[in-house]
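What follows is a set of notes on a single structure, which appears directly below.
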There are 2 protein chains.
Amino acid sequence: MTTAAPQTRIQKRNREVILNAALEVFSTHGFRGATLDQIAAAAGLSKPNLLYYFGSKDAIHIALLEGLMETWLAPLKEIDPKGEPVEELVAYVLHKLQMARDFPRESRLFANEIVQGAPRIAPQIDGLLKALVDEKAAEIARWVEEGRLAPVDPHHLIFSIWATTQHYADFDVQVRGILRPKGTEHFDAATEFLAAFYRRALTPA
Amino acid sequence: MTTAAPQTRIQKRNREVILNAALEVFSTHGFRGATLDQIAAAAGLSKPNLLYYFGSKDAIHIALLEGLMETWLAPLKEIDPKGEPVEELVAYVLHKLQMARDFPRESRLFANEIVQGAPRIAPQIDGLLKALVDEKAAEIARWVEEGRLAPVDPHHLIFSIWATTQHYADFDVQVRGILRPKGTEHFDAATEFLAAFYRRALTPA
DNA sequence: GAAGTGTTTGACCAGACGGTCAAGATCACG
DNA sequence: CGTGATCTTGACCGTCTGGTCAAACACTTC
């Protein structure tokens with residue numbers, strides 16, 4: 001799959017610079033909308049130099065997605081089946097919301113890819129992602145059976161959490177167009193809203 | 001703005017055919033990813049013929065977005081400030097979910113546009129959309145004041161409804177990769193989940 | 001400081017893409 | 001059925017874009 005880790009310090013530095021520039025460009029224009037010239041300019045390198053480090057436009061995109069997938073799913077793994085159900089889930093919601101605020105580019109990169117049918121990461125979704133989600137869904141189902149959580153479909157619960165939190169990154173312009181915040185203050189209101197909302201909906205009767 | 005309505009029956013038919021084909025192509029590839037050749041092929045017309053009806057690729061895209069915006073927002077207008085708060089909102093959620101199932105292309109078209117910064121419809125968001133949302137948010141706020149709805153931030157409530165419902169259209173491949181439904185059965189579970197979820201979260205204590 | 005490896009780039013290419021144009025086909029209507 | 005307006009298309013154009021290549025440059029090691 002991925003080629004062996006970069007060896008020289010120059011390689012390491014430039015690969016990082018390129019991936020960062022590519023994240024910026026891909027996330028705002030989509031794969032097809034991004035050009036190598038844009039990425040090269042953002043990275044401060046020449047186009048042929050880009051292609052010296054990554055063989056093709058595709059290779060950059062794939063490297064980005066693969067490198068980010070794990071980071072992106074990490075919070076889900078941290079849900080502790082031994083913890084208090086409602087608080088574990090609310091904490092997960094808030095963690096995801098924080099990521100939407102702090103890493104909107106990463107969120108939009110995935111959004112772009114998935115909206116267009118995930119042509120490049122479908123395998124990862126059907127494999128790694130499905131396995132992890134199914135596992136966590138089973139843990140949540142157990143909580144429901146034990147009566148420690150309001151009765152909910154675990155899969156759809158997870159989808160709703162992804163949707164409500166990533167919305168603030170993916171649909172940022174729309175949210176901003178409506179709320180007109182100066183900076184990221186609206187994330188405070190979102191935090192409060194989502195915490196209260198999920199706590200109400202998940203606390204067993 | 002838009003040129004006068006089509007006159008001849010051929011014009012009417014072909015404009016419709018083109019917009020339908022363009023919806024298909026733009027929604028799956030994004031603006032930049034779509035080509036006039038693809039749209040022409042999908043419409044069963046030659047490329048120059050496309051450009052006879054719509055002067056440019058941009059014109060097709062804009063015509064689509066403008067034509068769809070109203071349909072897309074219609075359900076929000078139907079929330080009746082004189083109705084029963086919780087049921088009005090739950091009905092809105094289910095209506096939006098139904099649209100995600102029946103018109104996923106329209107949803108993805110907007111998603112594509114907004115994720116990439118809404119370069120072509122920012123004005124509409126800042127104008128028409130903001131006005132309507134603010135109006136409806138005020139009505140919801142009134143319900144909260146009257147104690148007929150659990151205390152929630154109306155704007156963020158609306159965002160959450162958009163997010164949770166459109167998720168099933170925009171992130172369709174991801175949902176399908178995880179749930180592996182044969183057709184659209186999973187929308188039944190989603191309906192049940194969202195109805196119960198919003199009812200629990202919105203019913204005043 | 002020579003030699004070999006790793007890095008950078010200007011010039012270039014082939015294909016794709018949005019758009020034009022002039023000529024031909026078809027339609028509406030008196 | 002003739003004639004003007006509407007509709008359709010093959011051929012073509014300029015630009016953009018992903019990618020190549022050979023030559024130049026830099027860095028490390030002995």
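Note on naming: letters A, B, ... go to the chains in the order of the sequence lines (proteins, then strands), and numbering restarts at 1 for each one.
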field: Integer-rounded Å distance: C:dG19 P and B:Asp37 CG
entry: 12 Å

field: B:His61 NE2 to C:dG19 P, straight-line distance once rounded to whole Å
entry: 13 Å

query: How about B:Tyr198 and A:Phe197: are their ring centroids closer than 6.0 Å?
result: yes

query: Can you name the ring-ring contact (aromatic ring centres under 6.0 Å, His included) partners of B:Tyr92, sequence neighbours left out?
result: none

statement: All heavy atoms of B:Gly177 vs all of A:Lys130, minimum pair found to be O-CD, 3.5 Å

field: Distance-only side-chain donor-acceptor flag, B:Tyr168 / B:Ser107, under 3.5 Å
entry: no

- request: Write down the atom of B:Ala201, the atom of B:Ala150, and the distance for their closest heavy-atom approach.
  value: O-CB, 3.5 Å

query: Rounded to the nearest 0.5 Å, what separation is found between the CE atom of A:Met99 and the CG atom of A:Leu94?
result: 13.5 Å

field: Gap between atom CD1 of B:Ile121 and atom CD of B:Gln124 - 0.5 Å precision
entry: 6.5 Å

message: In the structure I gave you, are the side-chain heavy atoms of B:Ile158 and B:Ile140 within less than 4.5 Å of one another anywhere?
response: yes

By salt bridge (charged side-chain N to carboxylate O under 4.0 Å, His left out) - contacts of A:Arg105 (at least two apart): A:Glu24

- prompt: How long is the line joining OH of A:Tyr53 and C1' of C:dT9, in whole Å?
  reply: 12 Å

field: Neighbour count above 12 (heavy atom, 6.0 Å) for B:Glu87 CD
entry: yes

statement: When rounded to the nearest 0.5 Å, the distance separating CD1 of B:Ile60 from CD1 of B:Ile39 is 5.0 Å

query: Is A:Glu70 atom CD crowded by more than 12 heavy atoms from other residues, nucleotides or ligands, each under 6.0 Å away?
result: no

field: Nucleotide C:dA16, atom P - distance to NZ of B:Lys57 in whole Å
entry: 15 Å

First and last nucleotide of DNA chain D, 5' to 3', lying under 4.0 Å from heavy atoms of chain B: D:dT6 to D:dT17

- line: Its contact letters, B for base, S for sugar-phosphate only and - for none at protein heavy atoms under 4.0 Å, make nucleotides 23-30 of chain C read ----SS--

- request: Give the rounded distance in Å between these two atoms: CG of A:Leu50 and P of C:dT9.
  value: 10 Å

task: Provide, to the nearest angstrom, the distance between the CG atom belonging to B:Asp58 and the P atom belonging to C:dG19.
output: 7 Å

Check: A:His155/A:Asp134 side-chain N/O donor and acceptor closer than 3.5 Å: yes

field: Nucleic acid contacts of residues 40-48 of chain B, taken as heavy-atom distances under 4.0 Å to DNA chain C
entry: B:Lys47, B:Pro48

query: Side-chain N or O of A:Asn49 less than 4.0 angstrom from OP1 or OP2 on C:dT9?
result: yes

message: Reading DNA chain C from 5' onward, which residue's closest nucleotide shows up sooner: A:Asn14 or B:Gly55?
response: A:Asn14

query: Near DNA chain C, under 4.0 Å by heavy atom, which residues of residues 18-36 of chain A?
result: A:Arg32

- request: For C:dT8, take OP1 and OP2 only and decide whether either is under 4.0 Å from a side-chain N or O of A:Tyr52.
  value: no

NZ/NE/NH1/NH2 to OD/OE distance under 4.0 Å, B:Lys136 and B:Glu139: yes

